[in-house]
Amino acid sequence: MAKIKNLTITSPILFALPLKSTWAVTPIDINSPLSGGAWDGAGKLKFSRGEVLAKNDAQFLYMAIDVVQDTGNDSGTGDYFWLSFDRNRDRAITANYDINYALYPGQPNKLARQYYLGPARWTGILNDPSSSEVVQEFGSSEASSASHRIWKFKIDLKEINIALSWPLSPPYSYFGFRVKSTRPGFTTDFPGNFFKDFKKLRQIILSRKPGIPEKLAGPVIGGIGLIPKSNINQSTGRATTDAGYYTHVQNAAFGGTLNVIGNRTKLQQLWAQGARKYRVLIDPPTGSAQKLLSNWSNYRWNGSSYVLQTFSASALGYYQLANPAIDYSIDDLLIQFPTIALLPGIHKITVIFYKGRTVAATDTVNIYIDNHLPGVNIESIKHGRSEVSACAIETIGPAPDGLNFRITAHDPQGNLRAIQFRATYGENQATGIFSESYGLSKGNWAGHTNLLIPSSGNWRPPQTCAYSFVLTAWARTTNGYGYIGHNSTHRNLTLLLK
């Protein structure tokens, strides 16, 4: 086993345990009671007035602040909370970026968001849409049978800048909160004065290991990331999962940095049988199979923090099998390898386990690898028969006068997921012009070349203004945890309406 380095992702200053979120197998309905069973097995962290619970899935962090000492069932918003996150994880307050959640004025079950401007200073309430929510409950919990105040949160991971697909560390953030009680009267910050000094924030480590369901996993290779082997078409190398699955993809190619995950039950059996090493081979679209050699790191839980452990192949191309009983940030990880240098096409991955010199088990998986981004181009913008060049000032007459466009959003490998063509203008204003998304009926969708927009008539700007016409195309490529990759281009004009 590779030597463990002295590197942790917990704070060396605080010497305090982090809050370890656990995986929510099904999304948590925060309107249901805390004692209803959905929070069973949640990560917990005590503070002076109660405890904090945390679970997460691939989209949301579910948190509950169980304020067992707030036993007064006060109505309105006299009782309140603050909940802050260090979005860039630099342990310092970053103006107009780090975020604080609080109650919306006068509405005890509506979540408000604001950015920090500095220590103990914030912007006004943000008005952009949010899927995050808060619900307060007054009832019992596992921590106390007496009725008390409970704050339950559903926080969109994108809002706090957390992605489960981070390859080099477990997903984490730093957080702090305040709870205010009217009866009995107290105001408690955790940690103290967190909103003035982010060095005091506590760490929260999210789970990204729901585990590939046993019934969907391959016999030895469980899958790629969170995508089960049984959801990867072995003829095309592309993956399709159910709409309700952790990671929903449709006919998706693979790219980026990939994690090959073992079948948990099989790895336990192999370990019990004495298998301790394995090799990984890759068979490219053209040429012969070769050893797949890679170096990677995985975080191992030592009881109080995650410590970094490195893995690499021996001179003969053998990897040491990690004990499947040990808790890693990515469990059952057989190999992590970058695909950026690989040619597009189907690559066969083979894993061979050995007990001594005897082959104990072997399995293969075919995956279509494509790291090429879709090509995008605004071929032309025309006013009547005249081409309108970038930075031009163009006068648009009365309706039906307007513009038409020709755009290209094309992926020759057929791995296009979506196209969006829109105009931005004014102060954070935008209007859609054309969009199209992938469906399985499209097969290996390559997109469009020199497409006329609109197909008939003209597009008219909503007002006189400077416009940026933005064309974006997203790839139908996954790293096993979600879609990755997009390409964008834009052209700027000033349009005057008569």
Side-chain angles (χ1 to χ4, degrees), residues 21 27-31 52 54 56-65 76-136 151-164 171-180 187 189-191 193-198 200-204 206 420 422-432 462-463 465 468 470 472 482 486 488:
S21 176
I28 293 179
D29 179 5
I30 61 172
N31 291 287
V52 192
N56 70 274
D57 55 25
Q59 187 175 1
F60 294 102
L61 168 64
Y62 306 96
M63 288 186 71
I65 304 178
T77 54
D79 290 12
Y80 67 84
F81 67 87
W82 297 345
L83 176 61
S84 297
F85 290 91
D86 181 7
R87 295 182 68 219
N88 55 4
R89 297 168 294 280
D90 65 351
R91 310 303 299 278
I93 293 174
T94 303
N96 294 302
Y97 193 74
D98 292 327
I99 199 165
N100 183 60
Y101 293 92
L103 280 180
Y104 206 89
Q107 300 190 50
N109 285 300
K110 184 175 181 180
L111 191 63
R113 295 176 300 135
Q114 55 189 170
Y115 290 131
Y116 274 83
L117 292 175
R121 294 191 300 116
W122 301 271
T123 65
I125 294 174
L126 304 178
N127 293 319
D128 50 320
S130 171
S131 55
S132 298
E133 302 175 34
V134 64
V135 170
Q136 64 172 306
W151 300 102
K152 295 174 294 185
F153 304 90
K154 176 183 175 182
I155 304 295
D156 190 330
L157 295 184
K158 294 190 295 295
E159 287 182 359
I160 56 177
N161 192 33
I162 293 179
L164 300 191
Y172 72 97
S173 187
Y174 297 103
F175 77 103
F177 63 85
R178 163 176 287 187
V179 287
K180 169 69 165 63
T187 301
D189 294 339
F190 179 80
N193 290 320
F194 69 91
F195 55 95
K196 297 179 181 179
D197 182 3
F198 272 19
K200 299 180 178 182
L201 294 183
R202 281 295 187 95
Q203 187 179 54
I204 180 169
L206 276 70
Q420 182 188 72
R422 64 176 188 153
T424 63
Y425 63 99
E427 186 174 355
N428 295 318
Q429 293 177 281
T431 181
Q463 66 181 57
C465 201
S468 182
V470 183
T472 306
H486 69 276
S488 185

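By convention here, the first residue in the shown sequence is residue 1.
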Check: Tyr425 and Thr431 side chains under 4.5 Å, non-hydrogen atoms: yes
Distance, nearest 0.5 Å, that separates CG of Asp156 from CD of Gln59: 6.0 Å
Heavy-atom side-chain proximity of Ile93 to Phe195 below 4.5 angstrom: no
Donor-acceptor pair, side chain of Gln114 and main chain of Gly124, under 3.5 angstrom: no
Gap between atom OG1 of Thr123 and atom CG of Asn100 - 0.5 Å precision: 9.0 Å
Asp128 CG: over 12 foreign heavy atoms closer than 6.0 Å: yes
Flag side-chain contact, heavy atom, 4.5 Å: Ile99 against Arg113: yes
Ring centre gap for Trp82 and Phe177 strictly below 6.0 Å: no
Residue pair Ile204 / Val52, side-chain heavy-atom distance below 4.5 Å: no
Gly426 to Cys465 - nearest heavy-atom pair and separation: N-SG, 3.4 Å
The single option from Asp29, Asp57, Asn56 passing side-chain hydrogen bond (donor to acceptor under 3.5 Å, both in side chains) against Tyr62: Asp57
Arg91 side-chain N/O to Tyr174 backbone N/O, donor-acceptor pair under 3.5 Å: no
Any donor-acceptor N/O pair, Gln136 side chain to Pro108 backbone, under 3.5 Å: yes
Considering all heavy atoms, the nearest Ser132-Glu159 contact: OG-OE1, 2.8 Å
Validation row: Phe194, Phe175 side chains within 4.5 angstrom (heavy atoms): no
Member of Asn88, Asn161, Asp90 meeting the side-chain hydrogen bond (donor to acceptor under 3.5 Å, both in side chains) criterion with Tyr97: Asn161
Point-to-point distance, once rounded to the nearest 0.5 Å, from CE of Met63 to OG of Ser21: 8.5 Å
Closest non-hydrogen atom pair between Arg422 and Ala430, with its separation: NH1-CB, 3.6 Å
From Ile30, Leu83, Leu61, residue fulfilling side chain to side chain contact (heavy atoms under 4.5 Å, CB included) relative to Phe153: Leu83
Phe81 vs Leu103, side chain to side chain contact (heavy atoms under 4.5 Å, CB included): CA-CA, chis, key distance, verdict: CA-CA 7 Å; Phe81 67 87; Leu103 280 180; 3.6 Å; yes
Asp86 side-chain N/O to Asp98 backbone N/O, donor-acceptor pair under 3.5 Å: no
Interatomic distance, Ile162 atom CD1 to Phe60 atom CZ [nearest 0.5 angstrom]: 13.5 Å
CA sep, side-chain torsions, deciding dist, call: Tyr115, Arg87, side chain to side chain contact (heavy atoms under 4.5 Å, CB included): CA-CA 10 Å; Tyr115 290 131; Arg87 295 182 68 219; 4.1 Å; yes
Close side-chain approach of Arg178 to Thr187, heavy-atom, < 4.5 Å: yes
Pro105 side chain reached by Ile125 side chain, heavy atoms, under 4.5 Å: yes
Reported CG-to-NZ distance for the pair Asn193 and Lys196, which is rounded to 0.5 angstrom: 5.0 Å
Rounded distance (nearest 0.5 Å) linking atom CG of Leu111 with atom CH2 of Trp151: 10.5 Å
Under 3.5 Å donor-acceptor, Thr472 side chain and Gln420 backbone: no
Heavy-atom closest contact (Gly176 atom, Pro191 atom, distance): CA-CD, 4.2 Å
